[in-house]
Amino acid sequence: MYICYLDESGTRESQANSSHFVLLGLAIPADTWKVKDLRVVEAKAKYGLQKEEVHTAWMARDYPEQATVPGFDHLPWPDRRRAVLGVRALNLSRPRTREKQGALLKNYRKTEAYVHLTRVERRNCLEDLATLIGSRKDARAFADAQDKRRTAGVPGFDFAFEQVVTRFNTFLASTKGLYGLLVQDNNQTVAQRLTDAMRKYHRDGTMWRRLDRVVETPLFVDSALTSMIQLADLCAYATRRFFEHEESDLFLRIYS
């Protein structure tokens, strides 16, 4: 059996900042999960993240508070963390609109786990994980990447999900009788929608073929607790940045 972990990158709304939306499935043989999961934990441990969720988009951005800490790059990790959190607490105490305060709080909450790492170190962590994915010759990735500027009227997420499911099923059909299972990041806004879609595919097939190798409806898990969903997130981010900004480093590490 193959387990296919699904995640997305970019937003589905056409008016949002990103011009592209990507839904990606990263599939691995079920009997190799334990070893692969251990390798991910080991790679994250080098950066003090073994118990943390790797969320690529939040790791890849700049943290301007680090530049205000004298000699930040040369401080031990605990001192870096204390210094950055102190600067952030001071920033939050300054008056601003409720909307801006909410955005700042979200940014700080999403990036708190990584503040002890410089941007170079965070990038190195993502590159290590991307290289690890690319080294897995028994893994497969299936993605649908949409340029939202050219897909007016297309139901982005539904179309992408049907594409990825169909491609995963087609791959399984080419193997020696293997079946597959979908695992999705737990998102209450799409859980029922995806479950209903899969039941329809099982009954009627997708637009392109009968669904005969993928079993069950998607299982929903907490990405903070599931390393493979975090790797799917990295793959989806790398794919979106490749199409959106022609950034190739992470993408080419994964592509093989």
Side-chain angles (χ1 to χ4, degrees), residues 2-11 17-63 73 110-111 113-114 116-147 160 163-164 167-168 171 180 182-185 221 223-256:
Y2 267 78
I3 307 173
C4 187
Y5 297 88
L6 302 175
D7 209 352
E8 61 194 77
S9 184
T11 53
N17 293 333
S18 59
S19 64
H20 286 67
F21 169 74
V22 169
L23 179 69
L24 181 139
L26 177 64
I28 64 168
D31 60 347
T32 70
W33 170 85
K34 191 170 185 178
V35 172
K36 286 179 168 59
D37 185 71
L38 180 60
R39 297 288 90 82
V40 175
V41 173
E42 290 172 348
K44 290 164 61 176
K46 289 171 51 181
Y47 301 93
L49 299 174
Q50 59 271 29
K51 295 183 179 180
E52 304 293 345
E53 177 181 8
V54 168
H55 195 301
T56 305
W58 293 104
M59 286 183 68
R61 63 181 57 196
D62 183 43
Y63 303 166
D73 291 11
K110 293 287 190 179
T111 59
Y114 323 123
H116 63 289
L117 300 171
T118 65
R119 191 171 192 179
V120 170
E121 289 167 339
R122 283 180 271 123
R123 183 71 184 187
N124 288 343
C125 177
L126 296 176
E127 290 175 354
D128 287 352
L129 291 171
T131 300
L132 182 63
I133 297 167
S135 70
R136 295 172 172 175
K137 303 307 179 186
D138 56 357
R140 295 292 184 273
F142 312 90
D144 188 71
Q146 301 177 8
D147 185 341
Q163 286 275 358
V164 171
R167 296 174 196 181
F168 181 41
F171 162 72
L182 298 170
V183 177
Q184 166 82 21
D185 186 17
V221 299
S223 60
L225 306 175
T226 310
S227 295
M228 296 305 156
I229 288 286
Q230 296 170 34
L231 295 191
D233 171 77
L234 171 56
C235 291
Y237 173 88
T239 303
R240 179 176 64 83
R241 299 291 292 192
F242 176 77
F243 285 109
E244 195 168 80
H245 300 291
E246 299 183 353
E247 295 177 9
S248 61
D249 181 52
L250 291 176
F251 182 80
L252 292 180
R253 290 172 187 270
I254 292 165
Y255 187 73
S256 65

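Since the structure is predicted, the reported quantities are computational estimates derived from the model, not experimental observations.
- Contact check for Lys46 versus Cys125: no side-chain heavy atoms found under the 4.5 Å cut-off.
- In this structure, CG in Leu129 is found 8.0 Å from OG1 in Thr56, a value given to the nearest 0.5 Å.
- Residues Leu38 and Lys34 have side chains not in contact (no heavy-atom distance under 4.5 Å, counting atoms from C-beta outward).
- With values rounded to the nearest 0.5 angstrom, Met228 atom CE is found 12.5 Å from Cys4 atom SG.
- Atom OG1 of Thr32 and atom CZ of Arg39 lie 11.5 Å apart (nearest 0.5 Å).
- Without hydrogens or angle criteria, Arg140 side chain to Phe171 main chain gives no donor-acceptor distance under 3.5 Å.
- Here the straight-line distance linking atom OH of Tyr255 with atom OG of Ser248 works out to 13.0 Å at 0.5 Å rounding.
- Using a distance-only test at 3.5 Å, with no hydrogens or angles considered, no donor-acceptor pair links the side chain of Ser227 to the main chain of Asp37.
- Residues Tyr2 and Phe168 place their aromatic rings such that the two centres sit no closer than 6.0 Å.
- Checked options Leu26, Val221, Val54; the residue passing with Ile229 is Val221 (criterion: side chain to side chain contact (heavy atoms under 4.5 Å, CB included)).
- Seen from the ring of Tyr63, Arg122 counts as a face-on cation partner, given the 6.0 Å and 45° thresholds.
- The closest side-chain donor-acceptor pair between Thr118 and Asp73, if any, does not fall under 3.5 angstrom.
- Looking at heavy atoms from C-beta onward, Tyr237 lies in side-chain contact with Leu250 at the 4.5 angstrom threshold.
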Report the C-alpha separation of Leu23 and Phe21 in whole Å, then their side-chain angles, then the decisive distance to 0.1 Å, and conclude whether the side-chain contact (heavy atoms from CB on, under 4.5 Å) test is met.
CA-CA 7 Å; Leu23 179 69; Phe21 169 74; 4.3 Å; yes
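- Two residues are said to be in side-chain contact when any heavy atoms from C-beta on lie closer than 4.5 Å; His116 and Leu49 meet this criterion.
- Using a 4.5 Å heavy-atom threshold, the side chains of Leu231 and Arg136 count as touching.
- Ile254 pairs with exactly one of Ile133, Asp249, Thr239 by the side chain to side chain contact (heavy atoms under 4.5 Å, CB included) rule, that one being Ile133.
- No side-chain heavy atom of Leu24 sits less than 4.5 Å from a side-chain heavy atom of Glu8.
- At least one side-chain heavy atom of Leu6 sits less than 4.5 Å from a side-chain heavy atom of Val164.
- A salt bridge links Lys36 with Asp138: at least one charged nitrogen is closer than 4.0 Å to a carboxylate oxygen.
- Ring geometry, Phe242 versus Phe251: the interplanar angle falls under 30°, so the pair is classed parallel (tilted spans 30 to 60°).
- With Ser19 as the partner, the side-chain hydrogen bond (donor to acceptor under 3.5 Å, both in side chains) test is satisfied by one option alone out of Glu244, His245, Arg240: Glu244.
- At a threshold of 4.5 Å between non-hydrogen side-chain atoms, the residues Arg123 and Arg119 do not count as touching.
- Side-chain polar atoms of Glu53 and Ser223 form a donor-acceptor pair below 3.5 angstrom.
- Side-chain N/O atoms of Tyr47 and Asn124 include no donor and acceptor closer than 3.5 Å.
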Residue pair Thr111, His55: steps toward the side-chain contact (heavy atoms from CB on, under 4.5 Å) verdict
CA-CA 9 Å; Thr111 59; His55 195 301; over 6 Å; no
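- Contact check on Glu52 versus Lys44 returns no salt bridge, with no Lys/Arg side-chain nitrogen under 4.0 Å from an Asp/Glu carboxylate oxygen.
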